[in-house]
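Since the structure comes first, as structure tokens, the remarks are kept for the end.
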Amino acid sequence: MPELPDVETFRKYLDATALHQHVADVAVREKRVLKDVSARDFERAVKGRQFEATDRHGKYLFVHTSGSAVPVLHFGMTGLLAYEKEREPQRYDRVVFGFENRYSLAYQCRRLLGRIALAKSPAHFVQDNNLGPDALQIGREKFVEALRGAQAAAKSCLMDQERLAGIGNIYSDEILFQSRMSPKRKADTLSAAEAAQLYRTMRRVLTMAIERRADPARMPASWLLPHRNTEEPCPRCRGTIARIKVGGRSAYWCPRCQAE
DNA sequence: AGGTATGTTAATTG
DNA sequence: GCAATTAACATACC
């Protein structure tokens, strides 16, 4: 799940559950999810602190606490948050934050592709990891600039976190589908009008996906996302959805609707 | 058994 | 040296 709309949904979930609470206990159950910090140091940085505010940049969630270090949560392909009272440990719990009210917030990650780090600040983290502007923060001009001159597919550029942060495989497919643009289309062949159109579609798709809590079941039936497989017909023309490899990832698309 | 899956990154290729 | 592609990571499902 975790692309920009999913992470924004996790952020709101954390805000609605764990914000303003004091962390009574931190349990690192799988130290491989920690990036550049030991379990001992991570626990020491967070335990006893209060969760004060959250931020998001691209697919990264920042949790400001009453301490100086900022935990940074990244969800890989299978990460999520679960807040629950007197929660029994579950198999894919990797880090669990326990609060004074006996509830806990578990960071679950089945495939261990997600990571938790400590940053000095979101700005430092963004800089250190060469992240581009957040896909919902970037303006049209900068967006066009970010795609200009790239020989790769526009889809690959949309997913390149150093150009633009937040879009992954599913939402890049959705944006191209709604832009009626082929996933094979090279970025350097886009006209100014097409790039601007892509920008507007990107904003609409991400905004609507957040409103629907990034839940595929809630997305409009006219979107590709709920039919993103080769079994169902294109929701627009009832043609056959195809799958091809673009930049090493599977792109689902409608060859009839999305011109080459 | 082999291929696929919402992500990142190290290694490799051109 | 750079940009772009591929392999590897870990786990589950068809």
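Small disclaimer: the values here were computed from a predicted structure and weren't measured. Only heavy atoms go into these numbers, but all of them, side chains included; no hydrogens, no water, no symmetry mates. By convention in this document, chain letters (A, B, ...) are assigned in the order of the sequence lines, proteins followed by strands, and residues within each chain are numbered from 1.
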- [ ] Could you tell me whether the side chain of A/Thr230 and the main chain of A/Ile241 form a donor-acceptor pair under 3.5 Å?
- [x] no
Open item on the list: Tell me whether A/Arg200 forms a cation-pi arrangement with A/Phe143, defined as NZ or CZ under 6.0 Å from the six-membered ring centre and within 45 degrees of its axis.
Closed with: no
Nearest-Å distance for atom pair [atom1]/[atom2], residues [X] and [N]:
{"X": "A/Lys35", "N": "B/dG7", "atom1": "NZ", "atom2": "P", "answer": "17 Å"}
{"X": "A/Arg243", "N": "B/dA5", "atom1": "CZ", "atom2": "C1'", "answer": "10 Å"}
{"X": "A/Tyr107", "N": "B/dG7", "atom1": "OH", "atom2": "P", "answer": "13 Å"}
{"X": "A/Ile116", "N": "B/dG7", "atom1": "CD1", "atom2": "P", "answer": "18 Å"}
{"X": "A/Leu34", "N": "C/dC9", "atom1": "CG", "atom2": "P", "answer": "20 Å"}
{"X": "A/Glu162", "N": "B/dT8", "atom1": "CD", "atom2": "P", "answer": "11 Å"}
{"X": "A/Leu113", "N": "C/dT11", "atom1": "CG", "atom2": "P", "answer": "9 Å"}
{"X": "A/Met159", "N": "C/dA3", "atom1": "CE", "atom2": "P", "answer": "19 Å"}

Is any side-chain N or O of [X] closer than 4.0 Å to OP1 or OP2 of [N]?
{"X": "A/Ser250", "N": "B/dA5", "value": "yes"}
{"X": "A/Arg163", "N": "C/dA4", "value": "yes"}
{"X": "A/Arg249", "N": "B/dG7", "value": "yes"}
{"X": "A/His74", "N": "B/dT8", "value": "yes"}
{"X": "A/Tyr252", "N": "B/dT4", "value": "no"}

Open item on the list: Over 60° means perpendicular and under 30° means parallel, so tell me whether A/Phe10 and A/Phe75 are parallel, tilted or perpendicular.
Closed with: tilted
Task: Integer angstrom distance from the C1' of C/dG1 to that of B/dT8 - done: 23 Å
TODO: Take atom P in C/dT6 and the same atom in B/dG3, then report the distance between them in whole Å.
DONE: 16 Å
TODO: Quick one: label A/Arg32 by what it contacts on the DNA or RNA (base, sugar-phosphate, nothing), any heavy atom closer than 4.0 Å.
DONE: sugar-phosphate
TODO: Please confirm whether A/Phe99 and A/Phe51 have ring centers closer than 6.0 angstrom.
DONE: yes
- [ ] Would you confirm whether the ring centroid of A/Tyr83 sits within less than 6.0 angstrom of the ring centroid of A/Tyr103?
- [x] yes
Task: Base C/dA10 to side chain A/Arg110, donor-acceptor N/O within 3.5 Å cut-off - done: no
